[in-house]
Every structure is written in C-alpha cells, then in structure tokens.
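A short worksheet on the structure shown next.
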Amino acid sequence: MKILITGGAGFIGGNFAHMMVNRYPEDQIVVLDLLTYAGNLETLDPVMGKENFSFVKGDICDREFIEDLFAKEQFDIVVNFAAESHVDRSIEDPGIFLRTNIMGVQVLMDACRKYGVKRFHQVSTDEVYGDLPLDRPDLLFHEDTPIHTSSPYSASKAAADLLVLAYHRTYGLGVTISRCSNNYGPYHFPEKLIPLVISRALADESIPVYGEGANVRDWLYVTDHCSAIDLIIRNGRDGEVYNIGGHNEKSNLDVVKTILKALGKSEDLITFVKDRPGHDLRYAMDPEKIENELGWVPEYRFEEGIQKTIRWYLDNRDWWTHIVNGEYRNYYERMYADR
Ligand code: NAD
Ligand code: TYD
C-alpha cells in the first residue's frame, strides 16, 4: 500500500510517520508538508533515509501541485494532519486557518476522487464539540454531540468535518474522521501548553497560565492517538466519525504543577495572565465507540505519559532549542507582551 501523510513534519503527523514506517516495512509512506513555522524536518530524522519513506515539500491548497503528486504516486490512503493548529494564533489571524484547514481539505478530497484513493482520513479534534461545564463531570462528548465551536481554529476544523461527510454522502468518497482530545509527547511544538511549560521551566522563565488555570483538558499521549488512527484507516467503517480520548482530565494548573514538581522547579514561576478570549472550559471524550468497535486501548495514563514526555525533552534539547532560538522568540514576544 502507498500511504500519504500530510502535515507529517508536525507534532502528531511526525509521530504517526515514525510509527507507520517502522510498523509496515512493506508499505510506502510519503510525507507531504509545507514546512510552515510548525513543520520541522528534524522531526523526521528517525525515518529519513529508510527505504519505505519519502518526503515531499508542498502546500495542500496548491491544486496543481496536489493533482500532479496524486497522478504520479497513486496513493491508496491519505491521512490528513496538515493544518494550522494553534488556537491563540487563530484568534490573532483567522484567515490562514480557513485557507489551510478548509480549502486544503477540499483540494485533497478532489484529488482523492480524481485518482481513486480508497480512503481519505481526516484528523479532527474534540474542539469541534465546543466545551462542557466545569461542574458537570458526568458529561462527555459523544460522536453525535452537536458541533458548537468557540474559536476560529475549531470552527475551521468543524467546517472541514462537514465537508468530509458531504463528500462521502454526495460523491461516495471513502472517508473516516477521528476527533481526538489534547495530545502531548515528543516533538510537540513549544507554543503549546505542555512543551511551553517544560522549556520555560528549564530556563527558569515565568510560566503563563491563562485566567485561573481552572480550564480542563483531556490529555492523551501522542502514540495512543497514532495507534487509534492506524486502526481506523484499516478497520474503521466508511463514513464514520470516531472519538479518541483516554479519560485523563486535568486542570491546566494541575498540569503545570506536575511538570514543575518533576523538574524540581518552584511554583513561584507560575504567572497568571489575561484569559484567552472565548476560552473553552472543559473537554472530555467518550471513546467507547472506538474501544468497542475496533478494540482500541490506550497504553499510557497521564501520570506515566507526562514523565516520559519530560524525559524526552531533557534528552532531546537540540530539537526544541533550535525552535526556541528562532522565529518562535518573536512570536512569544508578540503574543505575551501585553498580558
Ligand atoms: P502541528 O501544527 O504540529 O503540525 C501541522 C503540520 O501541518 C506542520 O508540519 C505544518 O508545516 C503542516 N502544514 C500547515 N499548513 C500546511 C499546508 N498548507 N500544506 C501542507 N502542510 C501544512 O499540528 P499537530 O498538533 O501535529 O496537529 C495535527 C492535526 O491534528 C491537526 O489537524 C490538528 O487539528 C489535529 N489535532 C491536534 C491535537 C493536538 O492536541 N495537537 C488534538 C486533536 C487533533
Ligand atoms: P493549548 O496547548 O494551546 O491547547 P488547546 O487550546 O488546543 O486546548 O492549551 C491547553 C490549555 O492551556 C488551554 O486551556 C489554554 C492553556 N494555556 C495556558 O494557560 N497558557 C499558555 O501559555 C498556553 C499556550 C495555553
């Protein structure tokens, strides 16, 4: 089989590419990535040069380029991770989110139709369901929970999901969608909460916590997300949506304190800053469908996964210091100067 992974130089796509190249030596794995600020070729170092792996630089919104690539490669499966993925950036500048996250998906699906791709898998997010109240721990997101988005990021991902389902119903394109909760683990770009806290704590820099730090996220170790997607593209039912999550709800403040404790750093580094506009209160997934239908079982609880993640950042300083020393600095100043 020939499998295209778009956005594979990013955090989750990169981890997925590593897994697929090693798990299926008989399959050809092609990563396509535009290498935006979030894409990093160093993330693909572990698979670069392997016989069943190749990398192509390009834009999923570039119709001509995409059609040429599909005509040449004749992919069996396309897994789309390519996206603008940071909520705070979407609040600053929504336009690029609409372009990449919606129009890019249309271009990819048109090429899938034209060149007979058997399965288009869209990597989506729990954020399409909006948020849940903090005082109702009994409530979870199910696959039929109404779409109800809060940020330009989540709105763009929800629009893409609807388009994917429309292409299935109208044109009969083979599709699946996975909606996963917050991921963490190796190769996570240090603008997101967990790698940001680790990298700043190691430099004894202040840790910005939005509002009171009471917002809750449902954290999943990245390789558990990757194994779920692998199951869906092989055994998932055509036209179906699958929720992915491991019941690991934590408040942001708890996450920050856990990391500071593991690194032996003082909680005095915590700085409460102005809240994110439209900040979702709580996400919590019900993964029963993927567990029952496909037998998916996550390997890591948060307590173990976070220690493994911290260890990775300690052992791989080069990977993230290259990022922190570059463009990211200017971004950080812009985002936090007035907070
Ligand atoms: P990321 O920002 O780390 O990676 C995105 C990748 O897409 C980057 O390598 C970037 O260069 C590439 N890209 C961006 N625009 C492109 C374009 N026009 N053409 C080709 N490549 C382009 O994101 P991530 O955290 O790895 O998320 C991957 C996917 O998973 C996204 O679709 C996101 O919505 C979804 N998701 C993320 C999480 C999470 O916790 N990070 C949770 C659920 C779902
Ligand atoms: P983030 O990693 O941006 O993921 P998402 O917004 O997609 O859930 O943020 C996780 C949580 O951490 C979210 O509630 C916002 C909060 N947060 C902070 O408190 N401080 C920060 O500097 C960042 C980046 C996030």
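All ligand and atom numbering here is 1-based and tracks the order in the structure. Each residue takes its place number in the sequence, starting with 1. Note: hydrogens, waters and symmetry copies are ignored here, and every other heavy atom, side chains too, is used.
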At under 4.0 Å between heavy atoms, is it the side chain or the backbone of Glu191 that contacts ligand 2, or both, or neither? backbone

Interatomic distance, Arg89 atom CZ to Glu191 atom CD [nearest 0.5 angstrom]: 4.5 Å

Just so I know, are the side chains of Asp280 and Tyr129 near enough to count as touching, which here means a heavy-atom distance under 4.5 Å? no

The atoms of ligand 2 lying under 4.0 Å from a heavy atom of Leu196, numbered in the order shown, are 22 (O)

Numbered atoms and elements of ligand 1 in range of Asn182, under 4.0 angstrom, heavy atoms: 40 (O)

Would you tell me which option among Asn183, Val255, Leu193, Asp280 has the nearest heavy-atom contact to atom 10 (C) of ligand 2? Leu193

Using non-hydrogen atoms of the residue, decide whether Ser181 is closer than 4.0 angstrom to ligand 1. yes

For ligand 2, is there an N or O atom under 3.5 Å from any N or O atom of Arg276? yes

If you measure only the distance, is there a donor-acceptor pair under 3.5 Å linking the side chains of Glu84 and Tyr153? no

Give the ring-plane orientation class for Trp319 versus Trp312, where under 30° counts as parallel, over 60° as perpendicular and anything between as tilted. perpendicular

Show me which atoms of ligand 1 lie under 4.0 Å from any heavy atom of Phe81. 28 (C), 29 (C), 31 (C), 32 (O)

Quick one: does ligand 2 sit under 4.0 Å from the side chain of Val273, the backbone, both or neither, non-hydrogen atoms only? neither

Which of the numbered atoms in ligand 1 are below 4.0 angstrom from a heavy atom of Lys157? 31 (C), 32 (O), 33 (C), 34 (O)

With heavy atoms and a 4.0 Å threshold, my read on which part of Val123 contacts ligand 1 is both

May I ask you to check if Arg217 and Tyr184 form a cation-pi contact, with NZ or CZ under 6.0 angstrom from the six-membered ring centre and within 45° of the axis? no

Ligand 1 contact on Phe65 by region, counting heavy-atom pairs under 4.0 Å: neither

Residue-ligand contact Gly8/ligand 1, heavy atom below 4.0 Å: no

Residues Asp110 and Tyr167: side-chain donor-acceptor under 3.5 angstrom: yes

Please work out which of Lys192, Lys250, Glu127 has its closest non-hydrogen atom nearest to atom 5 (P) of ligand 2. Glu127

Hey, are Lys157 and Glu127 close enough for a salt bridge, meaning a charged N less than 4.0 Å from a carboxylate O? no

Looking just at side-chain N and O atoms, do Asn22 and Lys50 make a donor-acceptor pair shorter than 3.5 Å? yes

Would you say Tyr153 touches ligand 1, if touching means a heavy atom closer than 4.0 Å? yes

At under 4.0 Å between heavy atoms, is it the side chain or the backbone of Asn252 that contacts ligand 2, or both, or neither? side chain

Ile207 CD1 to Glu267 CD distance, which is reported to the nearest 0.5 Å: 11.0 Å

